[in-house]
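First the proteins, then the strands, lettered A, B, ... as listed; each starts at 1.
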Amino acid sequence: MTGTDTTDTARLTGATAAAALALGDDALILSHRLGEWAGHAPVLEEEVALANIALDLLGQARILLSLVGDEDELAFLREERSFRNLQLVEQPNGDFAHTIARQLYFSFYQHEVYGELARGDGPFAPLAAKAVKETAYHRDHAEQWTLRLGDGTEESRSRMRAALDALWKFTGEMFQPVDGLDGLDPAALEQRWLAALTGVLDRAGLDLPQGPRTGAWAAGAGRQGLHTESFGRMVAEMQHLHRSHPGASW
Amino acid sequence: MVTADAGTTRLEAELAALAGSVPDPELPVLTLGELGVVRGVRMHEDGHAEVTLTPTYTGCPAIEAMSADIERALTGHGIPEVRVTTVLAPAWSTDDISAEGRRKLAEFGIAPPRPHAAGGPVPLTLSVRCPNCGSTDTELLSRFSSTACKALRRCTACREPFDHFKEL
């Protein structure tokens, strides 16, 4: 940001830097995915809503990545295996129900995490205190759509159910411990997340998906730099302009 | 809100008022002071002025335009070097918008934010008054609108859609 210094972004190191990268990459990658809806959303209001959520996430990502290093270098010059985001947030948009299911799972998690960090006095507290107010709106947006789709037509209900089932296996990773976020109790976080999710699904007339959420195939995979197939293509698209025209600006 | 604490010099208070009088780039009816985003001005020994600014939303793209406008206003006032620093804590809230700011928003056709307890849930119960006809019979169309800080509503009395500066 030209002309704008930031005082509360003294660089972090070690485990805390790794945590900033994990949280920042979640926000960056989901922001990019949501941005892919521009020009494709089912109605104009939704296009605006998804872009707004993407913008909030991008703002959070910029602050978190700036705690680690140069935000542009980190976003545009890292290789796929260096990203530390959850596999959940990199999943393709799919149909609208898939996007909403991904939002439901992730925004409820992110809201809990920021809420917890905001209550502490660690390096993430200032950002978290701000971001938690934004994610309250993201959570509400996902919840309202889940109710509408789940309690809508046969078509919308079956699509919402299919989307929730398809993404369920990626949710276990959210509750793996993250180095540098030692103040967070993953088990307590998971309980609160499950309780909130069950409440929404219940009101939407949907069941909590069944099936494994963790296992040898997926143990903390995104946080370790292992990503799913579509992630490579997404990163290529996200980075190509900067790589083709280094330092390009509007 | 620009508050003059004990350690503020007369020049700093004057510059803070000047920075606060800069119009918001997205809602030009409001000044940055009325919006409550200018946190203060400090003169440093080497002669540069440091302005602290807080964003409304973390991703608000207007923050860069605000910084540039403040720099222009202060350099135009004879300050050779101006640096704008963004701070996050304490987080900005719609409760920081001044009474005058709220009045101007309503006059401009944007329903002002409702006051709310910090850290509380998103308030959805209190009615939002239509800025066109004054009816409290309004409904939410979308929680997100043309900028990060607004929601889109419709008045069921006069049928006009309008923006609502949503609570944060």
Side-chain angles (χ1 to χ4, degrees), chain A residues 1-9 24 27-28 31 34-35 41 43-64 66-67 111 114-115 118-119 121 123-145 250, chain B residues 39 42 48 50-72 75 81-95 116 118-124 140-154 161 163 166-168:
Chain A
M1 285 166 49
T2 35
T4 309
D5 300 326
T6 41
T7 41
D8 41 12
T9 53
L28 175 70
S31 166
L34 291 173
V43 289
L44 186 60
E45 286 80 359
E46 245 348 86
E47 180 135 336
V48 170
L50 295 171
N52 263 292
I53 296 172
L55 186 63
D56 287 343
L57 291 168
L58 187 62
Q60 296 161 14
R62 292 185 63 177
I63 291 167
L64 286 160
S66 298
L67 290 170
H111 188 69
Y114 281 145
R119 282 187 284 277
D121 56 0
F124 303 119
L127 167 70
K130 177 129 204 78
V132 72
K133 302 203 285 178
E134 297 165 357
T135 54
Y137 279 101
H138 305 176
R139 201 180 57 161
D140 187 54
H141 172 263
E143 178 173 340
Q144 297 305 321
W145 270 110
W250 296 108
Chain B
R39 286 273 159 86
R42 188 164 188 83
H48 88 268
E50 183 191 15
V51 183
T52 41
L53 193 64
T54 194
T56 53
Y57 282 72
T58 50
C60 182
I63 196 95
E64 295 182 30
M66 289 179 187
S67 302
D69 290 349
I70 289 176
E71 278 175 43
R72 205 172 305 120
T75 47
E81 198 190 343
V82 180
R83 290 187 204 153
V84 181
T85 306
T86 55
V87 291
L88 294 173
W92 178 87
S93 150
T94 38
D95 291 344
H116 70 313
V122 177
L124 296 169
L140 182 70
L141 291 180
S142 173
R143 276 162 188 77
F144 301 90
S145 186
S146 56
T147 62
C149 53
K150 287 178 286 180
L152 188 63
R153 295 187 76 91
R154 176 170 53 202
D163 269 334
K166 69 188 177 202
E167 295 74 22
L168 192 73

Practice task
Spell out, as yes or no, whether a donor-acceptor pair under 3.5 Å connects the side chain of Asp140(A) to the backbone of Ala136(A).
Solution key: no

Completion exercise
On a heavy-atom basis, the closest approach of Pro126(A) and Ala89(B) is CB-CB, 3.8 Å

Problem - Which of Leu58(A), Val132(A), Leu57(A), Asp56(A) touches chain B most, by non-hydrogen pairs under 4.5 Å - result: Asp56(A)

Practice task
Answer with side chain, backbone, both or neither: which region of Pro55(B) has an atom nearer than 4.5 Å to a non-hydrogen atom of chain A?
Solution key: both

Exercise for the section: Apply side chain to side chain donor-acceptor pair (under 3.5 Å) to the pair Tyr114(A) and Glu134(A), showing each step before the final yes or no. Expected result: CA-CA 10 Å; Tyr114(A) 281 145; Glu134(A) 297 165 357; over 6 Å; no

Problem - SB check Glu64(B) Arg62(A) (cutoff 4.0 Å) - result: yes

Exercise for the section: Could you look at Thr58(B) and say if it's the side chain, the backbone, both or neither that has a heavy atom under 4.5 Å from chain A? Expected result: both

Problem - Partner chain A: residue of Cys60(B), Ser145(B), Pro61(B) with the largest heavy-atom pair count (under 4.5 Å) - result: Ser145(B)

